[in-house]
Asker: 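The structure that follows is given in the form of structure tokens.
Predicted, not measured: the structure shown is a model, and the values here were computed from it.
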2 protein chains.
Amino acid sequence: MTQQQPIDEWLKELMQQDDPQLKMTDKQARIVAAAAEIFARKGFAAASTSEIAQQAGVAEGTIFRHYRTKKDLLLSIVAPVMTRLVTPFVLRDFGRVFEDRYDSFDQFLRAVIENRILFLKKNMSILKIFVQEVPFHPDLQEQFQKVVLKQVLARMTVIVDRFREDGMLIDLPSSTIIRLAVSTMIGYVVVRALYGEKEGAEWDDEQERQATIDFIMRGLAVPTP
Amino acid sequence: MTQQQPIDEWLKELMQQDDPQLKMTDKQARIVAAAAEIFARKGFAAASTSEIAQQAGVAEGTIFRHYRTKKDLLLSIVAPVMTRLVTPFVLRDFGRVFEDRYDSFDQFLRAVIENRILFLKKNMSILKIFVQEVPFHPDLQEQFQKVVLKQVLARMTVIVDRFREDGMLIDLPSSTIIRLAVSTMIGYVVVRALYGEKEGAEWDDEQERQATIDFIMRGLAVPTP
DNA sequence: TTGAGTAGTGAGTAATCACTCATTTTTTCC
DNA sequence: GGAAAAAATGAGTGATTACTCACTACTCAA
């Protein structure tokens with residue numbers, strides 16, 4: 001199964017935590033892995049704790065020894081992904097990006113796209129769970145808005161402002177520029193995930209990626225009169 | 001509640017059906033309305049038939065007199081929206097569009113965008129249910145792929161091919177052009193739905209719409225060397 | 001070796017689930 | 001107005017739900 005691998009990869013990190021408070025027993029890790037797989041496949045509401053326990057090879061009571069409620073289990077899987085989503089944007093190192101490292105917007109775009117694609121590959125199923133459950137959990141929405149949206153938007157606004165002031169971007173509100181660029185990138189990522197990685201698909205990834213970046217760049221370039 | 005209105009509007013059409021086989025009793029209509037509201041708010045799996053019956057002011061047994069299972073009820077709400085999604089694309093009248101009516105791609109884009117925005121306003125909550133449930137119902141996925149995707153894609157490919165041959169679009173695969181244009185439009189629609197119609201939002205709809213169309217046009221125009 | 005603390009268990013709980021069906025109410029049509 | 005048909009009812013069904021708890025198994029420091 002294609003979903004197993006990224007979960008394992010992500011789990012490995014969780015289990016190798018040095019902080020003893022976050023350290024997991026073997027059975028706890030199997031619970032999280034089983035829950036993640038079943039949540040992704042059936043959705044949170046349709047997933048039963050008994051099925052999770054069975055798939056994890058664990059007694060049902062064991063789940064509730066580690067997580068007070070089923071929702072706690074969901075949050076323990078889904079919440080960490082949010083901070084991991086923001087991480088590259090708040091990193092000092094990434095902050096330098098828009099000061100002097102990249103001198104063209106499309107270089108910057110390509111860096112972001114490549115960085116986030118790697119992230120997606122490792123966190124696909126957990127992100128799927130997150131996207132599926134956000135509409136039904138106001139606390140998740142709130143957390144996402146405060147932790148992710150605000151931070152990332154603030155950082156990106158700074159970048160866009162700088163490029164616009166340098167005459168490398170069209171004169172539109174930063175929010176509009178970000179919306180256009182981000183929705184185009186999300187479209188690329190979603191189509192790629194849906195049709196790009198199937199067997200009989202004709203999807204030249206590098207070509208599509210380049211076309212996407214070029215499209216954004218032409219759309220956001222200062223019009224030459 | 002903002003969700004009530006579009007449901008009612010859509011229900012009115014259902015109830016005014018002339019085909020006696022599709023005619024609904026008053027109570028059946030109330031069941032569908034209640035189900036749509038609760039499915040949208042809590043998700044299909046978390047919605048209970050008893051709650052639907054209560055909100056509809058109907059005995060629980062009445063639901064199962066009209067719908068064999070809870071899933072049948074879901075499908076009766078969600079399936080019709082798919083054909084309504086395709087309708088404008090297979091309409092004769094719309095077919096003429098790309099023969100001689102519109103002579104520029106951005107005129108065509110604006111027509112599509114305006115047409116589909118009207119559709120969205122009337123079918124918001126049902127579309128929300130559809131998007132939320134598609135991942136968990138393979139039969140819905142299959143139906144969507146066959147009924148919507150194939151038809152709409154085929155039609156759009158013809159349009160794009162014609163505009164490209166007339167030298168009005170960049171030389172990229174039609175599928176790529178469609179992906180870029182559609183994902184940008186979806187981004188506009190989604191952001192508009194999330195942040196555009198709130199109270200304290202600064203969202204100049206006409207300006208954003210024009211910026212979006214312009215962005216697509218610049219991105220897809222033949223590059224002038 | 002012992003004892004304290006943690007991890008794991010699985011039968012048991014009340015509540016809720018989708019769905020049934022015998023019965024009653026309403027509508028239809030002559 | 002009365003009989004046949006259709007619509008609606010709600011108590012009842014067994015299955016399943018998330019979660020509890022008394023108990024056992026294991027780990028590890030003293």
Side-chain angles (χ1 to χ4, degrees), chain A residues 11 14-17 19-39 41-78 129 133 136-137 139-140, chain B residues 11 14-39 41-78 129 133 136-137 139:
Chain A
L11 254 190
L14 259 187
M15 291 177 62
Q16 288 168 351
Q17 278 285 355
D19 186 344
Q21 238 196 327
L22 297 175
K23 204 146 200 164
M24 278 186 173
T25 63
D26 176 59
K27 299 221 167 186
Q28 186 175 4
R30 297 178 61 184
I31 288 170
V32 172
E37 196 275 324
I38 293 176
F39 284 161
R41 182 159 42 82
K42 313 180 90 177
F44 173 72
S48 74
T49 51
S50 72
E51 187 184 357
I52 293 171
Q54 196 180 348
Q55 179 158 322
V58 154
E60 204 173 342
T62 311
I63 293 177
F64 294 96
R65 182 134 307 257
H66 294 288
Y67 306 95
R68 279 174 47 259
T69 64
K70 193 174 82 158
K71 181 161 180 178
D72 273 11
L73 176 54
L74 171 72
L75 293 181
S76 81
I77 292 173
V78 144
I129 300 172
E133 296 306 327
F136 308 126
H137 304 271
D139 46 345
L140 272 185
Chain B
L11 254 190
L14 259 187
M15 292 178 63
Q16 288 167 350
Q17 278 285 355
D18 284 335
D19 186 346
Q21 237 195 329
L22 297 177
K23 203 144 200 164
M24 277 185 170
T25 63
D26 174 62
K27 299 222 166 182
Q28 186 174 4
R30 297 178 61 184
I31 288 169
V32 171
E37 195 275 324
I38 293 176
F39 285 161
R41 182 159 43 83
K42 312 180 92 177
F44 173 73
S48 74
T49 50
S50 72
E51 189 184 355
I52 293 171
Q54 196 180 351
Q55 179 158 323
V58 153
E60 204 173 342
T62 310
I63 294 176
F64 294 96
R65 183 132 308 255
H66 293 288
Y67 305 95
R68 277 176 46 258
T69 64
K70 193 175 81 160
K71 182 161 180 179
D72 273 12
L73 176 55
L74 171 71
L75 293 181
S76 82
I77 292 173
V78 144
I129 300 172
E133 295 307 326
F136 307 127
H137 303 273
D139 45 345

Asker: Sequence neighbours excluded, which residues qualify as side-chain hydrogen bond (donor to acceptor under 3.5 Å, both in side chains) partners of B/Thr62?
Answerer: none

Asker: Would you indicate what A/Ala47 reaches in the nucleic acid, counting non-hydrogen atoms under 4.0 angstrom: base, sugar-phosphate, or nothing?
Answerer: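 Sugar-phosphate, backbone atoms only, no base.
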
Asker: On DNA chain D, which is the earliest and which the latest nucleotide, 5' to 3', with an atom closer than 4.0 Å to a heavy atom of chain A?
Answerer: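 Taking any atom under 4.0 Å from a heavy atom of chain A, the span is D/dT17 to D/dA22.
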
Asker: Is A/Ser48 touching bases, backbone alone, or none of the nucleic acid, heavy atoms closer than 4.0 Å?
Answerer: sugar-phosphate

Asker: Reckon B/Ser50 has a side-chain N or O less than 4.0 Å from the OP1 or OP2 of C/dT16?
Answerer: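 For B/Ser50, the contact criterion (side-chain N or O under 4.0 Å from OP1 or OP2 of C/dT16) is not met.
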
Asker: Could you encode protein contacts along nucleotides 3-10 of chain C as a string, one character per nucleotide from 5' to 3', using B for base contact, S for sugar-phosphate-only contact and - for no contact, with a heavy-atom cut-off of under 4.0 Å?
Answerer: ----BBBB

Asker: Please find the pair of heavy atoms, one from B/Leu74 and one from B/Phe39, that lie closest to each other, and give the distance.
Answerer: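 Residues B/Leu74 and B/Phe39, closest heavy atoms: CA-CE1, 3.9 Å.
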
Asker: Could you tell me which residues satisfy side-chain hydrogen bond (donor to acceptor under 3.5 Å, both in side chains) with B/Lys71, sequence neighbours excluded, listed by chain and number?
Answerer: B/His137, B/Asp139

Asker: Heavy-atom distance under 4.5 Å between the side chains of A/Asp26 and A/Arg30, does that happen here?
Answerer: yes

Asker: Not counting sequence neighbours, which residues clear side-chain contact (heavy atoms from CB on, under 4.5 Å) with A/Gln54? List them please.
Answerer: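 Checked A/Gln54 against side-chain contact (heavy atoms from CB on, under 4.5 Å); zero matches.
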
Asker: Output the rounded distance in Å from CD (B/Glu51) to P (C/dT16).
Answerer: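 In whole Å, C/dT16 P and B/Glu51 CD are 12 Å from each other.
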
Asker: Please tabulate, for the side chains in residues 46-53 of chain B, all donor-acceptor contacts under 3.5 angstrom to protein atoms that are two or more places apart in sequence or on a different chain.
Answerer:
{"residue": "B/Ser48", "atom": "OG", "partner": "B/Ser50", "partner atom": "OG", "Å": "3.2"}
{"residue": "B/Ser48", "atom": "OG", "partner": "B/Glu51", "partner atom": "N", "Å": "3.2"}
{"residue": "B/Thr49", "atom": "OG1", "partner": "B/Glu60", "partner atom": "OE2", "Å": "2.8"}
{"residue": "B/Glu51", "atom": "OE1", "partner": "B/Lys42", "partner atom": "NZ", "Å": "3.0"}

Asker: Who passes side-chain contact (heavy atoms from CB on, under 4.5 Å) against A/Tyr67, sequence neighbours left out?
Answerer: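 If we apply the side-chain contact (heavy atoms from CB on, under 4.5 Å) test to A/Tyr67, skipping adjacent residues, the hits are A/Met24, A/Gln28, A/Ile31, A/Val32, A/Asp72, A/Leu73, A/Ser76.
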
Asker: So B/Ala53, base contact, sugar-phosphate only, or nothing? Heavy-atom distance under 4.0 Å.
Answerer: nothing

Asker: Would a distance-only check, ignoring hydrogens and angles, find a side-chain to backbone donor-acceptor pair under 3.5 Å from B/Lys27 to B/Ala56?
Answerer: no

